[in-house]
Amino acid sequence: WRQVRNFGNLATAETCAEMVAAEERCGDKFMFSPRYRYWGCRCCVPGDEGNRPNPNWELYRLRSTEDDLYELMNMDPGIRKPV
């Protein structure tokens with residue numbers, strides 16, 4: 001994954017999603033590790049379809065809804081069901 005920005009140590013994937021959604025340079029995908037939060041919340045380049053760099057990262061995609069809110073979708077169903 002090609003990263004645009006590291007938002008630092010955040011408490012949850014939901015908080016990470018809010019930060020990613022507000023950053024114009026970010027695409028709709030981001031990485032977050034609940035186990036290793038100090039790794040940070042990192043958004044990816046728009047259009048990047050990279051692979052899973054480390055099994056400890058959880059990869060997510062933002063999906064816009066009718067209300068312009070965002071829903072988290074885990075991109076690796078082997079780890080967790082969609083959030």
Side-chain angles (χ1 to χ4, degrees):
W1 294 79
R2 294 178 300 151
Q3 300 172 35
V4 171
R5 183 169 178 189
N6 181 346
F7 293 95
N9 185 350
L10 301 175
T12 66
E14 289 80 7
T15 303
C16 181
E18 291 170 7
M19 301 295 286
V20 171
E23 174 60 61
E24 290 181 4
R25 297 177 299 154
C26 292
D28 65 345
K29 297 173 186 73
F30 67 94
M31 300 182 286
F32 179 78
S33 177
R35 179 178 284 170
Y36 301 104
R37 289 191 313 240
Y38 61 89
W39 287 357
C41 161
R42 300 167 188 237
C43 71
C44 302
V45 171
D48 190 358
E49 296 295 332
N51 58 12
R52 188 167 161 214
N54 181 312
N56 293 303
W57 282 110
E58 291 188 10
L59 307 176
Y60 294 91
R61 176 180 35 199
L62 295 174
R63 186 173 72 191
S64 184
T65 65
E66 295 86 30
D67 298 326
D68 278 333
L69 299 174
Y70 293 88
E71 176 183 353
L72 295 175
M73 300 201 52
N74 193 318
M75 296 189 55
D76 187 346
I79 296 177
R80 279 192 179 158
K81 294 181 180 177
V83 175

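As the structure is a prediction and not an experimental result, all values here were calculated from the model.
- How far CG of L62 is from SG of C16: 8.5 Å, rounded to the nearest 0.5 Å.
- Here F32 contributes atom CZ and L59 contributes atom CG; the two are 12.5 Å apart, rounded to the nearest 0.5 Å.
- Taking CZ of R61 as the start and SG of C44 as the end, the distance is 12.0 Å to the nearest 0.5 Å.
- Distance check, rounded to the nearest 0.5 Å: CZ of R2 to SG of C43 gives 12.0 Å.
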Does the side-chain contact (heavy atoms from CB on, under 4.5 Å) test come out yes or no for R5 and M19, once each step is laid out? CA-CA 10 Å; R5 183 169 178 189; M19 301 295 286; 5.6 Å; no
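- The aromatic rings of W39 and Y36 sit parallel to each other, their planes meeting at less than 30°, with 60° as the upper class boundary.
- At a threshold of 4.5 Å between non-hydrogen side-chain atoms, the residues C41 and T15 do not count as touching.
- Annotation for R25 and P46: closest pair O-CD, 3.4 Å, computed over non-hydrogen atoms.
- With rounding to the nearest 0.5 angstrom, the OG1 atom of T12 is 7.0 Å from the CD atom of E18.
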